[in-house]
Amino acid sequence: MGKLAIYPGTFDPITNGHIDIVIRGSKIFDEIIIAVGENPHKKTLFSHNERVELVKEVVDQLGFSNITADHFSGLLADYMRRKKAIAVIRGLRALSDFEYEFQLALANRKIYPQFETVFLMPSEQFIYLSSSMVKEIAQNGGDISQFVPPVVEEALYKKFGRAK
Ligand code: PNS
């Protein structure tokens, strides 16, 4: 069996920054699952199913044979165990991400010491990019075509009741 990593997140919605990270990860690991989970601290724009569907469509369009999409509920560590994954991938953009990521990684290590969290740095064009920023721009009618794949752009405009 090859080395499997999980790339977990809320993905509300998936952006080009996430895609950049997962492609980088796919060069290090044999297989990656993008796993849509629930962050109890976040109220999402897209429902769980909508987020999963968007990730699935994006993964299909990417066409990488070693990247697949899935979802999980409950603890990430339990999902990791079930999947026999050896690592979690997280993107680290700026210093402001660090504190939360550090907490998450150490909490996960306490629950399930056998896996590592691997932090990958996005391409600098995505350093400032976040799902929240994309939602805010879309809500106010701005152009988000350089930040998200077309299928996500369409879903966002539909959500906000705007024509593209
Ligand atoms: O994209 P996000 O919101 O930063 O992703 C956070 C996510 C979903 C990966 C994280 O909240 C998570 O793993 N949630 C599942 C519950 C869990 O295992 N929490 C970590 C232990 S405290």
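Residue indices begin at 1 and follow the sequence shown. In each ligand, atom 1 is the first atom listed, and ligand 1 is the first ligand listed.
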CD of Q114 to CZ of R109, rounded to nearest 0.5 Å, is 11.5 Å

dist I33:CD1 -> H71:NE2 (nearest 0.5 Å) comes out at 11.5 Å

Atom 3 (O) of ligand 1: closest protein heavy atom, distance to 0.1 Å, is T10 OG1, 2.5 Å

Practice task
Give the intermediate values and the outcome of side chain to side chain donor-acceptor pair (under 3.5 Å) for residues D78 and Y112.
Solution key: CA-CA 8 Å; D78 289 336; Y112 184 16; over 6 Å; no

Nearest non-hydrogen protein atom to atom 21 (C) of ligand 1, with distance, is N108 OD1, 3.8 Å

If we number the atoms of ligand 1 from 1 as shown, the ones under 4.0 Å from a heavy atom of L104 are 20 (C)

heavy-atom search around atom 14 (N) of ligand 1 in the protein gives E38 O, 3.2 Å

the protein heavy atom lying closest to atom 22 (S) of ligand 1 turns out to be A107 CB, 4.1 Å

Lys/Arg-Asp/Glu bridge criterion (N-O < 4.0 Å) met for R90, D97: no

Measuring from non-hydrogen atoms of Y100 to any atom of ligand 1, is the shortest distance under 4.0 Å?
yes

Atom 15 (C) of ligand 1 has as its nearest protein heavy atom G74 O, 3.4 Å

Looking only at non-hydrogen atoms, the one of L75, V36, N39 nearest atom 11 (O) of ligand 1 is N39

salt_bridge(R93, E124) N-O dist < 4.0 Å: no

Rounded to the nearest 0.5 Å, the CG atom of L156 sits from the CG atom of D12 at a distance of 8.5 Å

Logged contact type for H41 with ligand 1, heavy-atom cut-off 4.0 Å, is neither

Exercise. For R90 and ligand 1, does the shortest N/O to N/O distance drop below 3.5 Å?
Worked result: yes

So the atoms of ligand 1 within less than 4.0 Å of a heavy atom of L76 turn out to be 13 (O), 17 (C), 18 (O)

Original post:
Do D60 and K56 sit within salt-bridge range, that is, some charged N less than 4.0 Å from a carboxylate O?
Top reply: no

Just checking R24: does its CZ atom have more than 12 heavy atoms from other residues, nucleotides or ligands closer to it than 6.0 angstrom? yes

In ligand 1, the atoms that come under 4.0 Å of a heavy atom of K42 are 1 (O), 2 (P), 3 (O), 4 (O)

